[in-house]
There are 2 protein chains.
Amino acid sequence: MAVSGPTGDDLVEMLAALANPIRLRIVATLAGRRDYVSQLARELGVSRPLLHMHLRRLEAAGLITGRLELSDDGKAMKYYEVTDFDLHLTASAVAEAAQTLTRPDPGKGPAPKEST
Amino acid sequence: MAVSGPTGDDLVEMLAALANPIRLRIVATLAGRRDYVSQLARELGVSRPLLHMHLRRLEAAGLITGRLELSDDGKAMKYYEVTDFDLHLTASAVAEAAQTLTRPDPGKGPAPKEST
DNA sequence: TTCACGTGTCATTTTTTTCTTACACGTGAA
DNA sequence: TTCACGTGTAAGAAAAAAATGACACGTGAA
């Protein structure tokens with residue numbers, strides 16, 4: 001049971017990647033059709049450098065993928081498309097993922113101090 | 001189809017609330033049993049003010065709820081517990097939610113300007 | 001009264017994220 | 001050559017989030 005989802009760290013990265021209006025719209029747009037950077041920037045109304053940053057964050061989280069292609073007239077176009085991600089978030093799913101968190105280390109080891 | 005999930009803004013808030021190691025651990029801990037602030041702070045190894053801030057973020061997103069109770073010896077304890085949230089994230093689900101985003105727009109209405 | 005334990009907030013610093021501006025390179029067409 | 005359109009990055013400003021420390025209040029027990 002338990003489809004054994006992503007590790008805690010990966011989950012945090014994916015959630016952080018989606019927890020932004022612009023990035024949510026990027027995923028939404030790419031869900032319809034793949035697109036290249038400049039065109040996507042125009043459609044979303046954001047600057048290229050800014051879009052570039054958001055795309056990197058999404059790609060790093062594994063939510064989209066991009067590949068460079070050559071257009072007929074020789075231009076290098078970078079096309080992005082969404083991956084088939086499928087995250088099911090419930091309290092128990094979170095509880096399971098949290099067990100593999102490595103980020104926050106207050107006291108790494110097990111220190112079950114429970115004296116009154 | 002489409003269970004008509006949260007609005008785009010609500011989704012962003014929920015995702016942002018979960019996209020943090022400490023908050024993920026808070027939810028994970030509360031998924032097992034409800035707990036009060038001070039005790040939770042000790043278990044997670046974080047300060048009360050910090051935990052308080054994270055709890056507010058989680059409660060604002062509707063992922064946990066807290067209520068004040070009086071203990072036998074008269075102390076006011078604030079107990080928190082997780083809600084029955086259930087988020088299913090896929091590209092199409094995101095696409096649907098993105099349609100109700102209001103955050104990132106200078107002007108409210110639809111301004112599909114695409115002239116050069 | 002003083003202590004331990006519970007609640008909370010406020011002000012401030014530190015850190016991270018977001019965004020802008022400016023720059024660089026490559027190719028086809030006028 | 002110059003222009004338009006594609007790619008990318010780097011530096012710094014601006015904004016938001018995270019974290020800390022010092023407070024204040026209430027109650028029961030020593």
* Asked: Taking everything shown except B:R42 itself, do over 12 heavy atoms lie less than 6.0 Å from its CZ?
  -> yes
Separation of [X] atom [atom1] from [N] atom [atom2], in whole Å?
X	N	atom1	atom2	answer
B:L68	C:dT7	CG	C1'	7 Å
B:L70	D:dC25	CG	P	20 Å
B:I26	D:dA18	CD1	C1'	12 Å
B:L40	C:dG6	CG	P	12 Å
B:D73	C:dA4	CG	P	16 Å
B:M77	D:dT27	CE	C1'	12 Å
A:L55	D:dG6	CG	P	15 Å
B:L51	D:dG21	CG	P	16 Å

[X] side-chain N/O to [N] phosphate OP1/OP2 under 4.0 Å:
X	N	result
B:K78	C:dG6	no
B:Y36	C:dG6	yes
A:R42	D:dG6	yes

Exercise for the section: Take A:M53 and A:L50 through the side-chain contact (heavy atoms from CB on, under 4.5 Å) test and state the conclusion after the steps. Expected result: CA-CA 5 Å; A:M53 188 250 278; A:L50 181 56; 4.0 Å; yes
With five pairs defining each end axis, the helix from C:dT1-D:dA30 to C:dA30-D:dT1 comes out bent, to 10°, by 20°
Is there side-chain contact between [X] and [Y], with at least one heavy-atom pair below 4.5 Å?
X	Y	result
B:L51	B:I26	yes
A:D86	B:H88	yes
B:T7	B:T102	no
A:L101	A:D9	yes

Per atom distances to the A:K75 side chain, the nearest of C:dT7, C:dG26, C:dC5 is C:dG26
- Query: Between A:L18 and B:L11, is a side-chain contact (heavy atoms from CB on, under 4.5 Å) present by the stated rule, with each step listed?
  - Reply: CA-CA 9 Å; A:L18 288 175; B:L11 179 59; over 6 Å; no
task = With heavy atoms under 4.0 Å as the rule, sort A:V37 into base, sugar-phosphate or nothing.
result = sugar-phosphate
Assert: residue with more 5' nearest nucleotide on DNA chain C, out of A:S47 and A:D72, is A:S47
A:E59 side chain to A:G66 main-chain N or O, any donor-acceptor pair under 3.5 Å?
yes
Next on the checklist: Determine whether a donor-acceptor pair (N or O, by modelled atom type, separation under 3.5 Å) exists between the side chain of B:R23 and the backbone of B:A16.
Outcome noted: yes
Tabulated below should be each protein N or O lying under 3.5 Å from an N or O of nucleotides 9-18 of chain C; please produce it.
unit_1: C:dT9; atom_1: OP2; unit_2: B:H52; atom_2: ND1; d: 3.4
unit_1: C:dT9; atom_1: OP2; unit_2: B:H52; atom_2: NE2; d: 3.0
unit_1: C:dT18; atom_1: OP1; unit_2: A:N20; atom_2: ND2; d: 3.2
unit_1: C:dT18; atom_1: OP1; unit_2: A:R23; atom_2: NH2; d: 3.0
unit_1: C:dT18; atom_1: OP2; unit_2: A:R23; atom_2: NH1; d: 3.2
unit_1: C:dT18; atom_1: OP2; unit_2: A:R57; atom_2: NE; d: 3.1

